[in-house]
Amino acid sequence: MAVAADPNRAGLDPPVPEPLAEQLFAASLARMEQLRSVRQRDALADGVGGVVLSTARYVAPDRFSLQTAEGDASIAVGPTQAFRRGDEPWRTVRRSAPFRYPTYGDNYVGATAQRLGHDTTEGGTPVHVVTFYVPRDRAWYCWWVDAGDGRVVREVMEAASHYMTTRYDAFDEPFEIALP
């Protein structure tokens, strides 16, 4: 994470947003909202040794699949969700609200303290780095934004006992997601 967003160096209060960082954040968020599909690979840690690795796929307007490294899986299609632990049979339930994608605008509502980091590369691709804070989550985020197309290719989230690194790829590639 960039130094400007590090609460250990900048204090707990979010810094004043930088106008250029706010613009980059808003443009990247709008670009992500245009996605029709994406693959998301997460590494989630709790800070005391617990780690969950997972791969998720999202397809607009209402499909999601998740597979963990441990073999657990979940699939959502609109109002229906199915779960499976390891080799157990699938369980299907009705969701309280239909699944929908994309929802990046909802995920980062209220984001503030946008700051620019140093431009760098991610997988050989030039990227801009932007950090921000989401008060609802009480979490700091860092995005690596593709300098060419404005999509987020990597994200880090830091919150209390929640440390997550996400890599996005396979943008707008066709995925088939169906209930078991």
Side-chain angles (χ1 to χ4, degrees), residues 1-7 10 14-46 51-69 74 76 99-175 177:
M1 201 175 278
V3 172
D6 183 348
V16 174
E18 296 173 344
L20 289 176
E22 284 180 302
Q23 291 170 10
L24 175 61
F25 172 81
S28 298
L29 190 58
R31 180 66 180 97
M32 295 297 281
E33 280 286 328
Q34 295 172 355
L35 290 176
R36 303 309 300 153
S37 65
V38 72
R39 179 174 50 199
Q40 174 179 323
R41 293 182 239 187
D42 294 323
L44 172 62
D46 61 9
V51 177
V52 175
L53 303 175
S54 63
T55 299
R57 295 181 188 270
Y58 297 88
V59 176
D62 66 351
R63 294 174 186 265
F64 161 78
S65 70
L66 174 82
Q67 180 77 40
T68 69
S74 178
F99 181 82
R100 64 184 180 87
Y101 173 82
T103 59
Y104 299 102
D106 295 339
N107 296 347
Y108 303 103
V109 78
T112 188
Q114 292 87 348
R115 308 289 288 212
L116 291 176
H118 296 287
D119 288 351
T120 187
T121 60
E122 180 69 23
T125 301
V127 294
H128 304 296
V129 176
V130 63
T131 60
F132 57 96
Y133 181 73
V134 177
R136 175 194 63 209
D137 299 339
R138 295 189 349 217
W140 287 97
Y141 292 83
C142 184
W143 280 356
W144 285 255
V145 177
D146 186 310
D149 65 22
R151 295 182 294 207
V152 177
V153 294
R154 186 168 87 165
E155 173 184 270
V156 169
M157 175 191 185
E158 293 183 11
S161 299
H162 188 101
Y163 307 91
M164 187 164 65
T165 299
T166 299
R167 294 189 185 275
Y168 297 100
D169 63 10
F171 297 101
D172 292 327
E173 291 182 9
F175 298 130
I177 298 175

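- A distance of 11.5 Å separates CG of Leu20 from CZ of Arg115, quoted to the nearest 0.5 Å.
- Using a 4.5 Å cut-off on side-chain heavy atoms (C-beta onward), Val145 and Val127 make no contact.
- Applying the salt bridge (Lys or Arg N to Asp or Glu O under 4.0 Å) criterion to Arg154, with sequence neighbours excluded, gives Glu122.
- To the nearest 0.5 Å, atoms CD (Glu155) and CE (Met32) are separated by 8.0 Å.
- For the atom pair OH (Tyr58) and CZ (Phe99), the distance works out to 5.5 Å, reported to the nearest 0.5 Å.
- Among residues two or more places apart in sequence or in another chain, the side-chain contact (heavy atoms from CB on, under 4.5 Å) test is passed with Asp62 by none.
- Distance check: Gln40 CD to Ser54 OG gives 7.0 Å after rounding to the nearest 0.5 Å.
- Counting only residues at least two apart or in different chains, salt bridge (charged side-chain N to carboxylate O under 4.0 Å, His left out) contacts with residues 140-153 comprise Asp149-Arg151.
- Judged as a salt bridge (charged side-chain N to carboxylate O under 4.0 Å, His left out), not a single pair has a partner in residues 124-133 (not counting sequence neighbours).
- For Val16, there are no side-chain contact (heavy atoms from CB on, under 4.5 Å) partners at least two apart in sequence or on another chain.
- Remark: side-chain polar atoms of Ser28 are paired, donor with acceptor, to backbone N or O of Leu24 under 3.5 angstrom.
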Would His162 and Met157 count as a side chain to side chain contact (heavy atoms under 4.5 Å, CB included) here? Give the steps. CA-CA 8 Å; His162 188 101; Met157 175 191 185; 3.5 Å; yes
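- The shortest side-chain heavy-atom distance between Thr55 and Leu66 does not fall under the 4.5 Å cut-off.
- Interatomic distance, CG of Leu116 versus CZ of Phe25, reported as 12.5 Å (0.5 Å rounding).
- Minimum interatomic distance between Glu158 and Tyr163 (heavy atoms only, all atoms of both residues): CG-CD2, 4.3 Å.
- Counting only residues at least two apart or in different chains, salt bridge (charged side-chain N to carboxylate O under 4.0 Å, His left out) contacts with residues 37-46 comprise Arg39-Asp169, Arg41-Asp169.
- The OH atom of Tyr133 sits 7.5 Å away from atom CH2 of Trp140, with the distance rounded to the nearest 0.5 Å.
- For the pair Val129 and Asp119, the minimum side-chain heavy-atom distance is 4.5 Å or more.
- In terms of heavy-atom proximity, Arg136 sits nearest to Val109 at NH1-CG1, 3.1 Å.
- Every residue two or more places apart in sequence or in another chain that forms a ring-ring contact (aromatic ring centres under 6.0 Å, His included) with Tyr108 is listed here: Phe132, Tyr141, Trp143.
- In this structure Glu33 satisfies the side-chain contact (heavy atoms from CB on, under 4.5 Å) test together with Pro102, Tyr104, sequence neighbours excluded.
- Between Ala159 and Asp137, the shortest heavy-atom contact is CB-O, 4.3 Å.
- The side-chain contact (heavy atoms from CB on, under 4.5 Å) check on Ile177 picks up Arg57, Val59, Arg63, Ser65, Ile75, with sequence neighbours excluded.
- Partners of Arg100 by salt bridge (Lys or Arg N to Asp or Glu O under 4.0 Å), not counting sequence neighbours, listed by chain and number: Asp106.
- Annotation: salt bridge (charged side-chain N to carboxylate O under 4.0 Å, His left out) contacts involving residues 19-31, sequence neighbours excluded, are absent.
- Residues Leu44 and Met164 share a closest heavy-atom pair of CD1-CB, 4.0 Å.
- Counting only heavy atoms from C-beta outward, the side chains of Tyr101 and Leu35 approach each other to under 4.5 Å.
- For the pair Val156 and Trp144, the minimum side-chain heavy-atom distance is below 4.5 Å.
- By the ring-ring contact (aromatic ring centres under 6.0 Å, His included) test, Tyr168 pairs with no residue at all, sequence neighbours left out.
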